[in-house]
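As the structure lists them, so they are numbered: ligands from 1, and atoms in each ligand from 1.
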Amino acid sequence: MTIKTKGFVFDLDGVLVDTAKYHYLAWKKFAEEFNYDFTEEENEEFKGVSRKRCLEILLNKVGVEANQDQIDQWLIQKNEDYLSYISEMNPSEVLPGVKDFLDSLKSKGIPMAVGSASKNAVPILEKVELLSYFTDIIDGNKVSKAKPDPEVFVLAAKALHVKAEDTIVFEDAIAGIQAANAAGMLSIGVGDQNVLCEADYNIENFNDITNEFLTELIG
Ligand code: BG6
Ligand code: MG
């Protein structure tokens, strides 16, 4: 069934919550074990990308080859470091303007979903008390193809019963903007406009969304 409304889909890390920095810190720590200085600029390429793919890219950078057992071990280690950084997470790490924006969409009856590469999405949303806003969470446990493949957003739109052209995606990753564009959805880049130049619109954070802009988005 397809109903005539807009659907809003949110990436998690770096859009709803301030976790992108913790992913960066965990990879930086990992790279240090190989005496490699992993920079924030390099980290842009890791945003929106699955844990497994991030490790492959990093191993390529440090020039290390490893067998599957070792790779599996490193993936566990990176996640344990990441989880230790976010263990104390609470609603204060919800990014600026997010809560008000979600409340405003909720009051208008607009369906919302999360579309994230993370396998930690549900526990994080629980910790920051945002889980109840979303009709569905399409995360790293449900997709087989990573962004920039559009799969995650296609599944999210399906869960919301909205067509691609009626779906609005918020993303902080280049790969995520490309995924939304490839799906034929409206893409809104959250963060650095220079980095997210392929987005249909750009905002620095959700406080930038005026009532006029929201009305234009809802149509
Ligand atoms: C994305 C992040 O949301 O999730 C990436 O932007 C991260 O940096 C990916 O690698 C996978 O996350 P997790 O929590 O499953 O390791
Ligand atoms: Mg992100």
Side-chain angles (χ1 to χ4, degrees), residues 8-31 38-61 71-87 89 93-96 98 113-128 130-131 134 137-153 155-156 168-181 185 187-193 195-196 198-199 202-206:
F8 282 56
V9 182
F10 298 84
D11 173 51
L12 174 72
D13 298 308
V15 168
L16 296 175
V17 284
D18 201 7
T19 40
K21 64 187 181 200
Y22 298 129
H23 280 295
Y24 170 60
L25 287 177
W27 285 125
K28 192 170 171 59
K29 178 171 178 277
F30 180 85
F38 181 58
T39 67
E40 281 195 57
E41 201 180 352
E42 288 175 296
N43 188 55
E44 285 304 322
E45 205 189 333
F46 280 37
K47 290 184 178 171
V49 174
S50 71
R51 194 183 314 162
K52 192 163 161 278
R53 182 68 196 128
C54 289
L55 180 62
E56 283 167 10
I57 300 170
L58 196 49
L59 290 178
N60 198 32
K61 283 177 189 289
I71 286 175
D72 291 344
Q73 192 50 46
W74 282 333
L75 288 171
I76 292 168
Q77 185 193 320
K78 186 271 170 178
N79 197 46
E80 281 175 357
D81 287 336
Y82 175 68
L83 291 178
S84 75
Y85 292 135
I86 62 164
S87 64
M89 218 176 165
E93 292 200 61
V94 172
L95 283 162
V98 166
V114 167
S116 166
S118 175
K119 294 186 172 175
N120 296 301
V122 171
I124 289 174
L125 288 163
E126 273 171 351
K127 271 179 195 286
V128 299
L130 291 183
L131 188 61
F134 302 103
I137 311 296
I138 310 297
D139 63 11
N141 300 299
K142 293 185 180 169
V143 294
S144 57
K145 296 180 208 129
K147 300 170 189 176
D149 188 282
E151 183 187 24
V152 63
F153 296 134
L155 291 177
I168 294 134
V169 174
F170 292 88
E171 256 296 346
D172 72 319
I174 301 165
I177 294 292
Q178 290 168 341
N181 292 346
M185 300 172 179
S187 57
I188 303 187
V190 184
D192 189 337
Q193 184 164 2
V195 174
L196 305 172
E198 292 174 52
N202 291 88
I203 56 172
E204 204 164 299
N205 63 50
F206 285 88

Fill in: Residue of the set Tyr85, Tyr82, Phe38, Phe30 for which ring pair (Phe, Tyr, Trp, His ring centres under 6.0 Å) holds with Tyr24
Phe38
Practice prompt. Working to the nearest 0.5 Å, report the span between CD of Glu171 and CG of Leu12.
Written response: 10.5 Å
Worksheet item: Which of the atoms in ligand 1, numbered in the order shown and given with their element, are less than 4.0 Å from a heavy-atom of Ser116?
Response: 3 (O)
Practice prompt. Indicate, as side chain, backbone, both or neither, the part of Leu12 found under 4.0 angstrom from ligand 1 when only non-hydrogen atoms are considered.
Written response: neither
Worksheet item: Between Gly14 and Val190, what is the shortest heavy-atom contact and its length?
Response: O-CG1, 4.5 Å
Response to the item:
When every non-hydrogen atom of Asn181 is compared with those of Ser187, the smallest separation belongs to OD1-OG, 2.7 Å
Worksheet entry | Ligand-residue contact atoms, ligand 1 with Lys47, heavy atoms, under 4.0 Å | 6 (O)
Fill in: Heavy-atom closest contact (Asp149 atom, Ala179 atom, distance)
O-CB, 3.5 Å
Discussion item. Using a cut-off of 2.8 Å, how many protein N, O or S atoms sit around the Mg ion (ligand 2)?
Written reply: 3
Fill in: More than 12 heavy atoms from other groups under 6.0 Å of NZ on Lys119
no
Discussion item. Test your reading of the structure: does Ser118 have an N or O sitting under 3.5 Å from an N or O of ligand 1?
Written reply: yes
Discussion item. Within ligand 1, which atoms have a heavy atom of Phe46 less than 4.0 Å away?
Written reply: 5 (C), 8 (O)
Item to complete: For a side-chain contact (heavy atoms from CB on, under 4.5 Å) with Leu16, tell me which candidate from Ile124, Val94, Leu125 qualifies.
Response: Leu125
Discussion item. Using a 4.0 Å cut-off to any heavy atom of Arg51, which atoms of ligand 1 qualify?
Written reply: 10 (O), 11 (C), 13 (P), 15 (O), 16 (O)
Response to the item:
Quick note on ligand 1: atoms under 4.0 Å from a heavy atom of Asp13 include exactly 1 (C), 2 (C), 3 (O), 4 (O)
Worksheet item: Cys54 heavy atoms, cut-off 4.0 Å: which ligand 1 atoms fall inside?
Response: 10 (O)
Worksheet entry | Enumerated ligand 1 atoms positioned under 4.0 Å from heavy atoms of Lys119 | 13 (P), 14 (O), 15 (O)
Fill in: Under 3.5 Å side-chain donor-acceptor pair for Asn79 and Asn120
yes
Item to complete: Consider every N or O of Asn79 and every N or O of ligand 1, then say whether any pair is closer than 3.5 Å.
Response: no
Worksheet item: How are the rings of Phe206 and Phe10 set to each other: parallel, tilted or perpendicular (split at 30° and 60°)?
Response: tilted
Fill in: Check ion pair Lys147-Asp11 (N to O, under 4.0 angstrom)
yes
Item to complete: Say whether Gly140 and ligand 1 are in contact under the criterion: heavy-atom distance to a ligand atom below 4.0 Å.
Response: no
